[in-house]
Amino acid sequence: MATARLMGSSIKRREDPRFITGKGNYTDDLKLPGMTYAAFVRSEHANARIRGIDTARARAHPGVVAIFTGKDMTGVNSLPCGWLLPELKVPQHPPLATEAARCVGDPVAIVIAESQTAALDAADLVKVDWDVLPSVTSTARAATPGAPQIHEVAPNNIAFKFQIGDAAETDAAFTKADVVVKKRIVNQRLVANAMEPRACVARYEDATGDLTLWVTSQNPHVHRLLMTAFVLGIPEHKVRVIAPDVGGGFGSKIFLYNEETVCSWATRQIKRPIRWTSDRREAFQTDAQGRDHVTDAEVALSKDGTMLGLRVKTTANLGAYLSTFAPAVPTFLYATLLNGVYAFGAIHAEVTGVFTNTTPVDAYRGAGRPEAAYLLERMVDACAAALKMDPAELRKKNFIPKFDNGYQTKVALMYDSGNYGPCFDTLLQMLDYKKFRADQAAARAQGRLLGVGFSTYIEACSIAPSKVVGALGAQAGLWESGKVRVHPTGKVTVFTGSHSHGQGHETTFAQLAADQLGIPMDDVDIVHGDTGIVPFGMGTYGSRSASVGGTAILMSINKIKEKGKRIAAHLLEASPGDMDYANGQFFVKGSPEKAVPFGTVALVAYVPHNFPEGVEPGLEETSFYDPSNFCFPFGAHACVVEVDPDTGHVKILRYLAVDDVGNVINPMIVDGMVHGGIAQGVGQALWEGAVYDDTSGQLITGSMMDYALPKADGLPMYETARTVTPTPVNPLGIKGAGETGTIASTPAVVNAVVDALSGLGVDHFEAMPLTPERVWKAVQAATSGK
Amino acid sequence: MKTKVTMTINGVSYSHEVEPRMLLVHFIRELAGLTGTHVGCDTSQCGACTINLNGLAVKSCTLLAVQADGAQITTIEGLAKDGKLHPIQEAFWEKHGLQCGFCTPGMIMSAAQILQRNPNPSEAEIRHELEGNLCRCTGYHNIVKAIQYAAETMAKR
Ligand code: FES
Ligand code: FES
């Protein structure tokens with residue numbers, strides 16, 4: 001009997017029962033016998049030398065077990081940077097600062113006590129003698145003459161200079177241009193703010209030498225490798241890293257941080273388990289932040305609107321140190337995406353990475369790609385305004401025509417497959433664009449300011465072909481592992497190197513495996529997030545789990561089927577070459593009545609009394625999949641807003657998204673990710689922003705009271721649709737869906753606000769978020785001269 | 001100096017000597033061992049710690065344990081009765097109102113209060129009443145749908 005297709009169905013998530021009943025298992029929920037509690041002593045200064053640390057009073061505090069400073073951590077190395085660009089300046093980044101603190105929140109000591117309160121109280125008693133130095137936090141000011149110098153290895157605070165594209169061709173395009181449009185575009189810094197703060201529990205067992213680290217990680221194997229081999233110099237195989245239920249990551253839980261490293265070191269000293277959980281204030285100070293670009297962009301156009309060339313100069317703020325993958329984000333995840341979905345004649349981009357006295361910046365949902373999409377889509381609207389063309393028409397005129405297998409961009413990437421026109425047309429239909437323009441005119445006549453903003457995007461995801469990223473500076477391969485274990489009863493456990501922190505892998509991978517094997521979904525379990533059980537895996541980021549991790553699982557399933565065919569052929573006295581597999585049955589091609597069920601083959605594999613010659617017993621396969629290329633999802637979004645010119649308040653009336661992420665395993669889950677991504681992108685457009693005081697170096701928006709996260713009442717119901725252009729890169733045809741919403745929504749909202757205000761003469765916002773104050777000021781500036 | 005506090009959580013009485021500064025959420029998580037109630041912030045913004053105290057949805061990070069002496073408390077663990085999910089739990093599952101699940105206990109506890117006060121809320125009312133609960137994963141769309149769906153199913157009972 002054929003089982004219903006599971007691929008493509010919105011099956012309810014199997015992880016939900018534990019979450020909706022309070023039975024989730026997050027790191028901070030863990031309590032071990034003899035457990036101690038850690039608190040970190042942190043710098044309150046943005047740039048300061050450490051003259052001395054006095055821990056005497058803290059040590060005397062009741063309940064204190066141990067206090068360690070950087071000086072105690074002898075033989076411990078710097079936290080590594082996993083992506084090296086040519087001539088990259090790599091400053092030391094000790095897990096506990098020894099010489100100097102380079103940003104507020106830099107940890108200088110760990111206090112371990114019998115209770116959390118004792119640890120916190122004692123941490124307050126540690127006295128650090130600071131020699132406070134001038135600091136710089138501003139992206140634009142970091143590399144200017146006279147700015148305070150942060151690291152000796154990086155003169156003028158410059159970490160790297162990078163360029164891509166063809167400068168001469170681009171110059172030629174600008175010489176030919178009828179119209180040149182120039183804008184300064186600031187992509188402000190964001191704080192990821194996963195709802196679960198980072199946490200770890202480190203336990204060393206003296207008798208065996210085993211260290212177990214439970215940590216809020218998106219990639220436990222990467223955590224283990226970096227920590228053992230590069231920082232602590234302890235044997236990798238004696239360390240088990242477990243990422244249990246993780247409450248969101250959005251990039252911020254990819255990286256190896258100071259705190260879990262120090263706790264893993266310290267548990268070996270005190271031989272007791274240690275738990276550390278970040279509070280939200282620490283999260284604001286220490287979780288790697290995102291974005292933070294200042295860009296000057298120019299587009300060269302012909303009169304008819306053909307985009308001849310794009311020139312981009314970006315300064316990217318990297319913060320005080322190089323976080324794990326920081327150099328990749330503003331270069332290979334940003335500059336290489338500047339071709340967008342448009343057939344530019346030429347492109348040249350320069351990126352300068354700078355150090356500042358701020359929290360390190362690294363990948364945050366979208367990572368580089370939102371910055372590229374925002375820049376392009378703001379520029380396209382600015383071009384439309386300059387040419388007095390309809391922004392939808394200008395986009396359609398410049399789309400790359402449909403292609404099925406390969407489009408070479410001007411900035412190194414080779415797109416997989418694309419069909420941008422129909423996707424955009426679907427969006428225009430959903431919006432009823434003509435009608436909207438009529439409504440807008442009617443509303444304007446009554447003094448109401450409506451606006452629509454479009455954005456299109458391209459994403460490079462399902463990260464990534466190891467050879468390619470290796471040539472670009474990655475110190476790691478970016479394949480994924482998938483192991484399929486068939487038990488003697490025909491039940492199946494799938495082990496994936498991907499990690500779920502909200503994505504629903506336990507459901508989607510079970511759909512995939514059950515479908516491929518033709519067995520009930522209940523017979524398949526998914527295991528992830530434990531280096532003690534799962535083969536080495538690269539984890540989850542860059543919208544890679546379904547496409548890369550899923551393919552690895554598929555490869556193992558195919559091996560299981562091949563082996564099963566040999567076993568079944570033997571039982572049926574047929575030739576393996578004549579065997580086929582469908583609906584949970586191995587059968588002889590052309591004679592489906594000659595069949596052996598999957599469960600029987602499984603049992604025979606483990607009780608091999610009657611077994612084919614030369615075949616090993618057991619039924620378990622492991623595969624490692626390294627993609628041949630990135631995948632390139634794309635889409636078109638639109639936002640409709642109403643702006644109150646008297647208060648500057650922006651209200652979102654509609655939000656529409658048409659995404660093409662290739663094939664989809666579970667549409668409900670993909671829609672959910674699109675929704676969440678849209679909200680984060682809207683957050684950047686309207687509310688969010690990490691603001692540093694450039695004199696004191698303090699993060700002013702350092703709590704949820706000061707940093708405005710999106711709330712339910714500022715957001716609409718999202719209208720979503722999909723077109724499907726399967727990728728030829730992997731056999732599943734899946735491109736990746738985790739970041740699309742975040743990439744597309746920011747420019748759609750900002751373009752909508754500019755459209756609404758265009759009648760008043762507002763044509764651009766240099767900076768976001770578009771708070772009522774900023775909008776109101778723009779309206780005042782535009783109208784006061786009239 | 002420690003003070004003895006006693007409270008009933010999900011029908012079970014818990015009694016502990018606590019420091020006066022201990023937050024209720026820490027009593028629930030660390031002493032009662034009920035870790036479904038989460039801590040997502042330190043400024044009373046996120047709502048991950050929402051519980052029901054004497055009939056009111058409150059943020060348990062915003063109360064001291066000593067203030068809850070003698071209280072009747074329901075946490076997320078106490079919402080399902082006799083092994084049957086509460087309709088709001090069902091609705092969050094059915095409508096995919098959660099992803100990472102970290103905000104979920106607080107969301108469900110708030111939703112229970114919203115529907116208790118107003119069994120038939122409009123979308124705008126739901127969004128407004130969720131102002132004290134943050135979710136970084138869902139964009140709220142499916143949370144609102146889930147609460148609407150729960151309102152419908154609860155009305156039918
Ligand atoms: S923990 Fe955030 S409101 Fe209570
Ligand atoms: S489901 Fe992750 S924060 Fe709400």
Side-chain angles (χ1 to χ4, degrees), chain A residues 10 12-13 15-26 28-31 116-117 192-197 245-250 277 279-281 500-504 668-669 671-680 682 703-706 709-718 741, chain B residues 19 21-22 26 29-30 33-46 48 75-80 85-86 88-90 92-106 108 123-124 126-145:
Chain A
S10 290
K12 286 201 305 186
R13 298 200 322 170
E15 36 277 271
D16 287 3
R18 68 177 186 271
F19 294 136
I20 56 178
T21 55
K23 303 281 165 48
N25 176 28
Y26 300 89
D28 184 64
D29 298 344
L30 203 66
K31 218 170 187 178
Q116 190 66 67
T117 42
N193 271 307
M195 290 310 297
E196 180 206 22
D245 286 329
V246 173
F250 315 113
T277 301
D279 62 27
R280 186 56 63 182
R281 185 182 52 124
S500 175
H501 26 283
Q503 293 88 342
M668 173 192 83
I669 287 180
D671 285 343
M673 288 197 273
V674 170
H675 297 162
I678 292 169
Q680 287 182 343
V682 172
S703 80
M704 282 185 177
M705 242 190 302
D706 308 291
L709 286 164
K711 292 184 174 189
D713 66 354
L715 294 161
M717 290 292 189
Y718 317 106
Chain B
E19 285 189 65
R21 62 176 167 171
M22 175 178 254
H26 291 137
R29 287 180 57 79
E30 303 290 334
L34 296 165
T35 53
T37 302
H38 295 150
V39 180
C41 73
D42 42 18
T43 49
S44 206
Q45 247 77 38
C46 76
T75 67
I76 187 72
E77 289 94 339
L79 213 55
L85 293 177
H86 187 283
I88 298 174
Q89 291 173 312
E90 286 279 6
F92 269 71
W93 193 10
E94 186 66 36
K95 293 293 168 191
H96 189 32
L98 60 146
Q99 291 179 30
C100 79
F102 196 79
C103 72
T104 311
I108 291 177
E123 183 197 327
I126 294 173
R127 288 183 181 276
H128 177 69
E129 301 233 1
L130 283 177
E131 107 97 20
N133 289 80
L134 296 175
C135 174
R136 195 56 156 164
C137 298
T138 64
Y140 303 100
H141 182 107
N142 285 341
I143 291 177
V144 176
K145 293 249 167 192

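Since we're looking at a predicted model, the values are computed, not measured.
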Closest approach of [X] to [Y] (non-hydrogen atoms, all atoms of both residues):
X        : Y        : result
B:Cys41  : A:Met704 : CB-SD, 3.6 Å
A:Phe19  : B:Pro105 : O-CG, 4.2 Å
A:Gly248 : B:Cys100 : N-CB, 3.3 Å
B:Val144 : A:Met717 : CG1-CE, 3.5 Å
B:Glu30  : A:Lys31  : O-NZ, 2.9 Å

Is there a donor-acceptor pair under 3.5 Å between the side chain of [X] and the backbone N or O of [Y]?
X        : Y        : answer
B:His141 : A:His675 : no
B:Arg136 : A:Gly676 : no
B:Trp93  : A:Pro17  : no

Quiz item: Between A:Lys23 and B:Glu77, is there a side-chain N and carboxylate O pair less than 4.0 Å apart?
Solution: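 No, this pair does not count.
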Exercise. Describe, in one word, how the ring planes of B:His38 and A:Tyr26 are oriented to each other, choosing from parallel (under 30°), tilted (30 to 60°) and perpendicular (over 60°).
Key: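 Aromatic pair B:His38/A:Tyr26 classed perpendicular.
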Is chain B contacted by the side chain of [X], its backbone, both, or neither, given a heavy-atom distance below 4.5 Å?
X        : result
A:Ile678 : neither
A:Val246 : backbone
A:Asn25  : neither
A:Thr117 : both

Quiz prompt | Verdict with supporting geometry, B:Cys135 and A:Met195, side-chain contact (heavy atoms from CB on, under 4.5 Å) | solution = CA-CA 7 Å; B:Cys135 174; A:Met195 290 310 297; 5.6 Å; no
Quiz prompt | Largest heavy-atom contact set with chain A, pairs under 4.5 Å, which of B:Leu134, B:Leu130, B:Thr104 | solution =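 That would be B:Leu134.
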Self-check item: Top of B:Glu94, B:His128, B:Glu90 for chain A proximity - count of heavy-atom pairs under 4.5 angstrom
Solution: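 That would be B:Glu94.
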Quiz item: So how far is it from A:Asp279 CG to B:Thr43 OG1, rounded to the nearest 0.5 Å?
Solution: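 Taking CG in A:Asp279 and OG1 in B:Thr43, the distance rounds to 10.0 Å.
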Quiz item: Going through the distances and angles, do A:Asp671 and B:His96 end up as a side-chain contact (heavy atoms from CB on, under 4.5 Å)?
Solution: CA-CA 10 Å; A:Asp671 285 343; B:His96 189 32; over 6 Å; no
Exercise. Between chain B and each of A:Glu15, A:Gln680, A:Arg281, count heavy-atom pairs under 4.5 Å; write down the option with the most.
Key: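 Of the candidates given, the most pairs with chain B belong to A:Gln680.
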